[in-house]
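Input: a single structure, listed below in structure tokens.
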Amino acid sequence: MGCVPVDISTPFIILYPMIDPRKIRENPDEIRKLLARRRCPISVDEILAVDEKRRKLQAERDTLRHDLKQASDAIGKLKRESKDASEAMAKTKELSAKTKELDGKLSEIEARFEELLWQLPNLPDPDAPDEDTVIRSWGSKPEFDFQPADHVTICERLGLCDFRYAASYAGARFAAYTGDGALLLRALVNLCLDLHTREHGYKEVFPPVLARAESANAAGQLSKLEDMYALADDPLYLIPTSETALINLHMRQEIKEEDLPLKYTAYTSCFRREAGTYGTQTKGLFRIHQFEKVELVQFAHPEHWREAFDEILSNAEKVLQLLELPYRVKALSPTEAAFQASLTFDIDVWAAGAEDWLEVSSISNCADFQARRNKTRLRLADGSLIYPHILNGSGTAFPRLIIAILENYQQADGSIKVPDALRPYMDGKEHLGR
RNA sequence: GGAGAGGUGGCCGAGUGGUCGAAGGCGACCGCUUGCUAAGCGGUUGUACGGGUAACACCGUACCGUGGGUUCAAAUCCCACCCUCUCCGCCA
């Protein structure tokens, strides 16, 4: 990849989703418009006001401090020459006190400024549609000459999951995979990891599933703090997705242009409290507090994010194609996209029993939003330093994939045909429950 | 969890409360040189915020693990915390 100097004066970059304070004060109207697309209630005017105050204060403080420094140096000189400095010291004391006072005021205003900025969601990409839009479909829905069962029924019939045990052991909305169910999960994990590491060139990572608040915040997930599990005795959170772990892989580091794109994949359990979702679809594996997922993350050059995005999307689609599951790709509206995302496409798989599309993957460009937050920077070949784009996508989430497999591959005799691609990972089994 | 040692610029590594953004070395970059050897010589070499500029230049401030404190002045003193290493304990 050649050296690509970034001209920050071009509209391309200014329109780009980044919450650089400078962009806010240079293009307040643009930012207002973009935030409105997300229905974000945060006031740009307040940010601008605080920013102005902050800059004014800093100028004052810097001047004062400059004077103080010079006065102190003068005292040092006197002392070295063994001259009396008590008068100068007394005078400088006042200056010092004033400087400190301004320091205090400035840090207050800076804290407020940062607080406001941290609350801002990422700005939507111009390509994000106003309404969720299906942009393509793949495969065809299976047809049955019998009434297809839903996955809960199938799981119970074939002993693939033990929901009763999971509920009494951990609580409602947990799942325990048993027997061939557990094997099926493991097979899917291996299929996905093998595919992404061997065919798609991702480096596998097995990260901690506990993260500091700082890390979760960098990912943008503290904005939905109420949806994360917190530990009682340590300032740690159970990650809601391995995106949290992977996007922080280079926190406070410089990455090099020549190493791009950096591609990582991780398989982890993911934990979500799902607060506020009671009463919605609660059956079986559809929405559970702990679920397993293989995640894909790429660090990309800001000018090449779309290539990375499309690649992750096709990497995730490949899983469904291998499993021959019908799916559709949907471009999300800015109001549907996650806090940290500027552009998001979902992949929904068809589930014949539920007769519904289930979201199994969500691919997002977070632009430089997360990189700014965790201080991952990109050193270009020309020596300049910018923020990389960070993109992520599930590749894929398993409970819903399992739902789709069980429901779409069910046979008249109640057994489940194992998709061809999965057989090498399932002891060659052709059917479950036969 | 207990005891001890330590955290300085891309890396290694000095550092006396004042002349330290920080010696020295390495690396990198630029230039020069070049009949000797992947050699020699000179120079350059951080980031953030603010000001300034058409853009550079330039100016100010901050940054020596993090946050406080003492002081006219802190990398240097004090306190708390974090992290790393060694030893002990515990343990898959």
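Letters go in sequence order (proteins before strands), and every chain restarts at 1.
In this structure, a donor-acceptor pair under 3.5 Å is present between the side chains of A/Glu292 and A/Ser269. At a cut-off of 3.5 Å, with distance as the only test, no side-chain donor of A/Thr396 or A/Ser394 sits close to an acceptor on the other residue. Counted by atom type alone, A/Tyr264 and A/His196 present zero donor-acceptor pairs between their side chains at under 3.5 Å.
In this structure, the nucleotide among B/rC72, B/rC83, B/rC49 sitting nearest to the side chain of A/Arg22 is B/rC49. When distances are taken from the side chain of A/Lys79 to each of B/rU71, B/rG50, B/rG18, the shortest belongs to B/rG18. In this structure, the nucleotide among B/rG50, B/rA73, B/rG46 sitting nearest to the side chain of A/Arg379 is B/rG46.
The existence of a salt bridge linking A/Glu254 and A/Arg377 is excluded, since no basic side-chain nitrogen approaches an acidic carboxylate oxygen closer than 4.0 Å.
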Using residues 88-100 of chain A as the side-chain source, report each donor-acceptor pair under 3.5 Å to any protein atom, sequence neighbours left out, with the distance given to one decimal.
{"from": "A/Thr92", "atom 1": "OG1", "to": "A/Ala88", "atom 2": "O", "distance (Å)": "2.6"}
{"from": "A/Thr99", "atom 1": "OG1", "to": "A/Leu95", "atom 2": "O", "distance (Å)": "2.7"}

Using a 3.5 Å cut-off and no angle test, enumerate the donor-acceptor pairs between side-chain atoms of residues 65-79 of chain A and protein atoms at least two apart in sequence or in another chain.
{"from": "A/Arg65", "atom 1": "NH2", "to": "A/Asp103", "atom 2": "OD2", "distance (Å)": "2.6"}
{"from": "A/Ser72", "atom 1": "OG", "to": "A/Leu68", "atom 2": "O", "distance (Å)": "3.2"}

Annotated protein contacts, base or backbone, on nucleotides 60-66 of chain B with a non-hydrogen cut-off under 4.0 Å, one of B, S, - each:
BSS----
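The environment of CD in A/Gln253 is crowded: more than 12 heavy-atom neighbours from other residues, nucleotides or ligands sit within 6.0 Å.
Look at CZ on A/Arg54: it is 14 Å from P on B/rA48, rounded to the nearest Å. Between A/Glu214 atom CD and B/rC83 atom C1' the separation is 12 Å, expressed in whole Å. If you measure from atom CD1 of A/Ile75 to atom P of B/rA73, you get 8 Å, rounded to the nearest angstrom. If you measure from atom CG of A/Asp103 to atom C1' of B/rG67, you get 15 Å, rounded to the nearest angstrom. Here B/rA73 presents its P atom at 13 Å from CG of A/Leu64, a figure rounded to the nearest Å. Between A/Asp234 atom CG and B/rC82 atom C1' the separation is 14 Å, expressed in whole Å.
For RNA chain B, the stems formed by at least three consecutive Watson-Crick or G-U pairs, with both atom-pair distances below 3.5 Å, span B:1-7 with B:82-88, B:10-12 with B:24-26, B:27-32 with B:40-45, B:46-51 with B:58-63, B:65-69 with B:77-81.
Contact record, A/Ser215 with A/Thr244: O-CG2, 4.1 Å, taken as the closest heavy-atom pair.
Taking the six-membered ring where tryptophan is involved, the planes of A/Phe345 and A/Phe309 are perpendicular, since the angle between them exceeds 60° and thus also 30°.
For residues 178-199 of chain A, the salt bridge (Lys or Arg N to Asp or Glu O under 4.0 Å) pairs, not counting sequence neighbours, are A/Asp180-A/Lys429, A/Asp194-A/Arg198.
OP1 or OP2 of B/rA48 lies within a sub-4.0 Å distance of a side-chain N or O belonging to A/Arg377. OP1 or OP2 of B/rG51 lies within a sub-4.0 Å distance of a side-chain N or O belonging to A/Arg55.
Within a heavy-atom distance below 4.0 Å of RNA chain B, the residues of residues 89-99 of chain A found are A/Met89, A/Thr92, A/Lys93, A/Ser96.
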Given salt bridge (charged side-chain N to carboxylate O under 4.0 Å, His left out), test A/Glu295 with A/Lys293 step by step and report yes or no.
CA-CA 6 Å; A/Glu295 184 75 6; A/Lys293 178 157 69 74; 2.6 Å; yes
